Amino acid sequence: MRVLRPKWPTAGAGFTLVEIMVSLAIIAVMASVAMPMIQVTIQRQKEQQLREHLREIRHAIDAYKKAADDGRIKKNADATGYPPDLQVLVDGVEDVKDVKHKRLRFLRRIPFDPLLPSSQRKSAGAGDWGLRSYDSPPDQPRYSQDVYDVYSQSPQVGLNGVPYAQW
């Protein structure tokens with residue numbers, strides 16, 4: 001009768017230190033190549049989110065202006081018809097043409113600036129944006145009595161070479 005014995009690994013089985021070091025070096029090179037690509041992808045996502053948030057706020061400002069021009073929002077004769085601040089777009093204003101005087105709301109919430117560092121963000125989002133009034137020049141935006149436009153307060157420059165504040 002023949003007895004079967006388990007075969008134990010021989011002394012040559014397994015990985016040598018050199019093989020492990022070469023494998024780790026290859027993995028490190030691949031990671032160093034992939035890291036800049038990941039950073040650019042993340043930056044592109046933030047820029048896309050910035051575009052969407054700017055478009056959303058600007059659309060709400062334009063809708064407010066149109067409602068003011070249509071006489072649905074009470075305004076003074078010397079007013080431009082633009083909202084006094086961003087919070088009005090969320091809180092809404094009374095529709096003077098509606099019999100029940102319902103409120104016109106233009107935003108559900110104020111979007112945040114995705115390129116502003118989280119340490120500089122305000123909780124509500126309204127303070128995240130730079131505001132430009134109707135009477136301020138485009139190259140020197142300032143806020144006085146109404147909100148004509150918004151811009152990012154991030155000091156960074158976009159992948160296209162244009163500072164985010166000029167988007």
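Since the structure is predicted, the reported quantities are computational estimates derived from the model, not experimental observations. Just the heavy atoms: all of them, side chains too, but no hydrogens, waters or symmetry mates, feed the values below.
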Task: Residue pair Gln145 / Tyr134, side-chain donor-acceptor N/O under 3.5 Å - done: no
Open item on the list: Which residue in the set Lys102, Arg103, Arg72 passes salt bridge (Lys or Arg N to Asp or Glu O under 4.0 Å) when paired with Asp95?
Closed with: Arg72
Open item on the list: How about NZ on Lys75, more than 12 heavy atoms from neighbouring residues, nucleotides or ligands closer than 6.0 Å, or not?
Closed with: yes
Task: Heavy-atom neighbours of Arg44 CZ exceed 12 at 6.0 Å - done: no
If every non-hydrogen atom of [X] is compared with every non-hydrogen atom of [Y], which pair is closest and at what distance?
{"X": "His101", "Y": "Val96", "result": "CE1-O, 4.0 Å"}
{"X": "Val33", "Y": "Pro36", "result": "O-CD, 3.4 Å"}
{"X": "Lys46", "Y": "Leu115", "result": "CB-CD2, 3.6 Å"}
{"X": "Ser152", "Y": "Leu50", "result": "CB-CD1, 4.1 Å"}
{"X": "Trp167", "Y": "Pro163", "result": "CD1-O, 3.2 Å"}
{"X": "Ser136", "Y": "Pro141", "result": "OG-CA, 3.9 Å"}

Working to the nearest 0.5 Å, report the span between [atom1] of [X] and [atom2] of [Y].
{"X": "Met21", "Y": "Leu24", "atom1": "CE", "atom2": "CG", "result": "6.5 Å"}
{"X": "Arg55", "Y": "Asp62", "atom1": "CZ", "atom2": "CG", "result": "12.5 Å"}
{"X": "Arg142", "Y": "Leu131", "atom1": "CZ", "atom2": "CG", "result": "13.0 Å"}
{"X": "Leu86", "Y": "Leu107", "atom1": "CG", "atom2": "CG", "result": "8.0 Å"}
{"X": "Leu104", "Y": "Leu89", "atom1": "CG", "atom2": "CG", "result": "11.5 Å"}
{"X": "Thr80", "Y": "Asp146", "atom1": "OG1", "atom2": "CG", "result": "3.5 Å"}

Open item on the list: I need the full list of ring-ring contact (aromatic ring centres under 6.0 Å, His included) pairs touching residues 56-80, with sequence neighbours left out, sorted by first then second residue.
Closed with: Tyr64-Phe106
Cluster overlap [X] with [Y], hydrophobic side-chain contacts below 4.5 Å:
{"X": "Val162", "Y": "Leu54", "result": "yes"}
{"X": "Val29", "Y": "Met37", "result": "no"}
{"X": "Tyr151", "Y": "Leu116", "result": "no"}

- [ ] Using the side chain to side chain donor-acceptor pair (under 3.5 Å) rule, collect all pairs that involve residues 22-40, keeping only residues at least two apart or in two chains.
- [x] none
- [ ] Please name the residue in the list Gln156, Glu47, Gln153 that meets the side-chain hydrogen bond (donor to acceptor under 3.5 Å, both in side chains) test with Tyr164.
- [x] Glu47
Do [X] and [Y] touch side chain to side chain, with heavy atoms closer than 4.5 Å?
{"X": "Ile61", "Y": "Pro83", "answer": "yes"}
{"X": "Asp113", "Y": "His53", "answer": "no"}
{"X": "Arg132", "Y": "Pro138", "answer": "yes"}
{"X": "Asp135", "Y": "Ser144", "answer": "yes"}

Open item on the list: Tell me if a side-chain donor or acceptor on Glu19 pairs with a main-chain N or O of Thr16 at a distance below 3.5 Å.
Closed with: yes
Open item on the list: Parallel, tilted or perpendicular, judged at 30° and 60°: which one describes the rings of Tyr82 and Tyr148?
Closed with: perpendicular
Task: Evaluation steps, side-chain contact (heavy atoms from CB on, under 4.5 Å), between Gln87 and Val90 - done: CA-CA 5 Å; Gln87 193 60 43; Val90 175; 3.8 Å; yes
Open item on the list: Please determine whether salt bridge (charged side-chain N to carboxylate O under 4.0 Å, His left out) holds for the pair Asp69 and Lys65, giving the CA-CA distance in whole Å, both sets of side-chain angles, and the decisive distance to 0.1 Å.
Closed with: CA-CA 6 Å; Asp69 290 346; Lys65 172 69 169 147; 3.1 Å; yes
